[in-house]
Amino acid sequence: MSNKHLPRLFAQALNDKRVELFDEFIHPEYNNHNAYVEPGPAVLRHSFGTTSTHFPTRKLRWRT
């Protein structure tokens with residue numbers, strides 16, 4: 001996968017509410033450097049999933 005594809009994949013994951021796509025570009029040992037949050041991609045998926053629940057009409061636009 002090229003790096004140019006990553007922003008589009010991120011936007012697709014958020015816009016389509018498919019946080020399982022994060023597994024394609026988030027490293028399994030992801031650490032967000034917040035002492036109050038557990039490391040790993042599961043927390044990130046949960047965070048974005050919760051955000052999309054609270055803001056269901058939010059969309060990311062990708063401009064080239």
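Positions are given from 1 along the sequence.
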Minimal heavy-atom distance between Asp23 and Arg45, with the atoms involved, is OD1-NH1, 2.6 Å
All heavy atoms of Lys4 vs all of Arg8, minimum pair found to be O-NH1, 3.8 Å
Q) Asn3 versus Phe25: any side-chain heavy-atom pair under 4.5 Å? A) no
I'd like to know if the side chain of Thr51 reaches the main chain of Ser47, judged simply by a donor and an acceptor atom lying under 3.5 Å from each other, with no hydrogens or angles considered. yes
- Query: Does atom CD of Glu20 have more than 12 heavy-atom neighbours from other groups under 6.0 Å away?
  - Reply: yes
query = With no hydrogens and no angle check, is any side-chain donor or acceptor of Lys17 less than 3.5 Å from a backbone partner on Pro56?
reply = yes
Nearest heavy-atom approach of Asn15 to Leu60 is OD1-N, 2.6 Å
_I want to know whether Phe48 and Phe10 have ring centres closer than 6.0 Å._
yes
- Task: Indicate, with yes or no, if Leu9 and Tyr30 share a hydrophobic cluster defined by side-chain heavy-atom contacts under 4.5 Å among Ile, Leu, Val, Met, Phe, Trp and Tyr.
- Result: yes
Nearest heavy-atom approach of Pro41 to Ile26 is CB-CG2, 3.8 Å
Worksheet item: Hey, is the main chain of Pro39 close enough, under 3.5 Å, to the side chain of Asn31 for a donor-acceptor pair?
Response: no
Between the CD atom in Glu38 and the NE2 atom in His46, the distance rounded to the nearest 0.5 Å is 12.5 Å
